[in-house]
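Here is the structure we will look at, set down as structure tokens.
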Amino acid sequence: MTLSPAQFAEIERGRRAVLCRLVETRGSTPQKAGAAMLVFADGSQSGTLGGGCVEAEVKRRALAVMERGAAEIATFQLDNDYGWDDGLICGGRMTVLVDPLADEAARQYVAAVANAAEAKAAVGSGGATEVIVFDAEKAGLPATACYLFDASEQMVASLRAGPAVETELAALRASLRPLSIRPRPYAAGGVSFLPLLPRTRLLIVGGGHVGQALGQLAADLDFDVWVVDDRAEYANAERFPQAERCIVGPVGPTLAEMDITSDTYCVIVTRGHNHDEEALLHLANRGARYVGMIGSRRKIKLIYDDLMNDGVSAEALQRVFAPLGIDIGSQTVMEIAVSIAAELVAHRNREGVVPGRPAAIDLSGQPA
């Protein structure tokens, strides 16, 4: 998470505000690094750092910082002093950048971050990484200094960084993790790294009941949903109101013409064996980040046999996630959609590792 465009709009409207950024956590905490909360002069807020007494203390600190006009780093130990109102003690530690946004330079930097957060909604944007110094002694850089690097590791904005010394920037770049592996927020050497990850496209082949339920879930899980079906009554905005595109056309020719990239997730949930097979024929070797197909093990094995006879390699088919979805004992349409959505999120967030997967179809001994 980061400051959202909606939160930034509050600042643009001229409201005095302090931006509280969670830059590092240790142990059990109600929110993780990247969470943001705006505190306004009247004590109201937008966003949350997890609630409880610690959030109230952050707000108190923010109002004091608003009067002083200088950013500071605050650390909160979630022990008896900052337990929840109901008595639950997390036991972790939260480090927060409390930034009063007191001048134009601060507002311009926050605008750059907000624009990066908004731009990441475009597939292929590349994303960005915000870098915040919270421990000057460890980092050898000014505490509260902020930097914004694009996907090519070029610094595009900074705040309180002083003169841009190339050796300092080189040290920060050395700790940047490629956005292609979709890293979570992390800290190293007194510096917090907060990735703004680009969205990924989910291509759902088949607009039936499972495809519709999956489309609803996936849009809320930060996927850009595209739907392909040969029936206009199944691929339309009424059935898929959150989809970026609904494409009507014969499955094979339509998929053959589509741009499938290394950031594309593909899920095959058509209404029948033949359509599934045709879809997989056009997706198995296209370089997608993920290809999954629904169906029984028997049906999948028959499809694999047919495709290998048509020249698709066993190696390509072994990369397909089939049967589709992690094993949660799904029975209803929505449960099936949940199992598929969980698999997609695990694959995206854990560098392709999906716990709870059923055993892959055995193709040993088959011709490559």
Side-chain angles (χ1 to χ4, degrees), residues 180-182 200-208 210-211 214-215 218 223 225-230 247 249-330 336-368:
S180 60
I181 67 171
R182 305 192 66 82
T200 48
R201 178 174 299 149
L202 172 61
L203 173 62
I204 301 175
V205 187
V210 173
L214 176 61
F223 287 92
V225 176
W226 288 24
V227 182
V228 171
D229 201 292
D230 60 336
I247 304 164
V251 170
T254 300
L255 294 178
E257 295 177 1
M258 291 190 67
D259 181 25
I260 305 296
T261 73
S262 59
D263 283 326
T264 306
Y265 280 66
C266 305
V267 169
I268 301 169
V269 286
T270 78
R271 64 186 183 278
H273 178 116
N274 292 335
H275 291 292
D276 287 346
E277 183 172 321
E278 187 177 18
L280 188 56
L281 174 66
H282 289 279
L283 293 174
N285 275 318
R286 296 285 295 282
R289 188 181 186 92
Y290 169 102
V291 178
M293 184 174 66
I294 201 169
S296 67
R297 299 181 70 83
R298 179 178 178 276
K299 185 198 85 167
I300 293 164
K301 182 61 166 60
L302 291 172
I303 288 176
Y304 283 4
D305 289 343
D306 286 348
L307 293 181
M308 286 189 290
N309 288 334
D310 289 337
V312 179
S313 70
E315 181 183 7
L317 295 174
Q318 291 282 209
R319 292 194 295 268
V320 175
F321 287 75
L324 180 60
I326 64 175
D327 185 4
I328 60 172
S330 306
I336 293 169
V338 167
S339 75
I340 297 170
E343 178 165 298
L344 297 175
V345 171
H347 188 280
R348 183 180 64 182
N349 290 356
R350 301 187 61 180
E351 300 182 40
V353 176
V354 181
R357 279 280 312 150
I361 302 296
D362 183 13
L363 294 178
S364 60
Q366 298 290 338

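Model, not experiment: these values are computed from the prediction.
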Exercise for the section: Specify whether Tyr290 and His347 have parallel, tilted or perpendicular ring planes, treating 30° as the upper limit for parallel and 60° as the lower limit for perpendicular. Expected result: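 Judged by the thresholds at 30° and 60°, the geometry between Tyr290 and His347 is perpendicular.
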
To check you understand the geometry: which heavy-atom pair defines the closest contact between [X] and [Y], and what is its length?
| X | Y | answer |
| --- | --- | --- |
| Asp259 | Arg201 | O-NH1, 4.1 Å |
| Ala342 | Ile326 | CB-CD1, 3.7 Å |
| Ala316 | Asn285 | CB-OD1, 3.2 Å |
| Ala288 | Cys266 | CB-SG, 3.9 Å |
| Arg350 | Pro355 | NH1-CG, 3.3 Å |
| Ala360 | Gln318 | CB-NE2, 4.3 Å |

Under a 3.5 Å distance rule, please check whether [X] uses its side chain to pair with a backbone N or O of [Y] as donor and acceptor.
| X | Y | result |
| --- | --- | --- |
| Thr254 | Pro250 | yes |
| Arg286 | Leu255 | yes |
| Asp229 | Gly207 | yes |
| Ser262 | Arg289 | no |
| Ser339 | Ile336 | yes |

With a 4.5 Å cut-off on side-chain heavy atoms, are [Y] and [X] touching?
| X | Y | result |
| --- | --- | --- |
| Met293 | Phe321 | no |
| His273 | Leu302 | yes |
| Ile294 | Pro323 | no |
| Leu214 | Val267 | yes |

Would you call [X] and [Y] a salt bridge, using N to O less than 4.0 angstrom?
| X | Y | value |
| --- | --- | --- |
| Arg271 | Asp230 | yes |
| Glu351 | Arg182 | no |
| Asp276 | Lys299 | yes |

Handout entry: Derivation of the side-chain contact (heavy atoms from CB on, under 4.5 Å) call for Ile204 and Trp226
Key = CA-CA 6 Å; Ile204 301 175; Trp226 288 24; over 6 Å; no

Exercise for the section: Determine whether more than 12 heavy atoms belonging to other residues, nucleotides or ligands lie under 6.0 Å from atom CG of Asp327. Expected result: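 No, because the 6.0 Å sphere around CG of Asp327 holds 12 heavy atoms or fewer from other groups.
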
Problem - Val320 vs Tyr304, side-chain contact (heavy atoms from CB on, under 4.5 Å): CA-CA, chis, key distance, verdict - result: CA-CA 10 Å; Val320 175; Tyr304 283 4; 3.5 Å; yes

Reported [atom1]-to-[atom2] distance for the pair [X] and [Y], which is rounded to 0.5 angstrom:
| X | Y | atom1 | atom2 | value |
| --- | --- | --- | --- | --- |
| Ile268 | His282 | CD1 | NE2 | 10.5 Å |
| Ile340 | Leu324 | CD1 | CG | 4.0 Å |
| Asp310 | Met308 | CG | CE | 11.0 Å |
| Leu363 | Lys301 | CG | NZ | 6.5 Å |
| Arg297 | Asp362 | CZ | CG | 9.0 Å |
| Asp306 | Glu277 | CG | CD | 4.0 Å |

Practice task
Under the side-chain contact (heavy atoms from CB on, under 4.5 Å) rule, what do Leu280 and Leu317 come out as? Steps first, then yes or no, please.
Solution key: CA-CA 9 Å; Leu280 188 56; Leu317 295 174; 4.0 Å; yes

Handout entry: From CA spacing to verdict: side-chain contact (heavy atoms from CB on, under 4.5 Å), Val205, Leu283
Key = CA-CA 10 Å; Val205 187; Leu283 293 174; 4.2 Å; yes

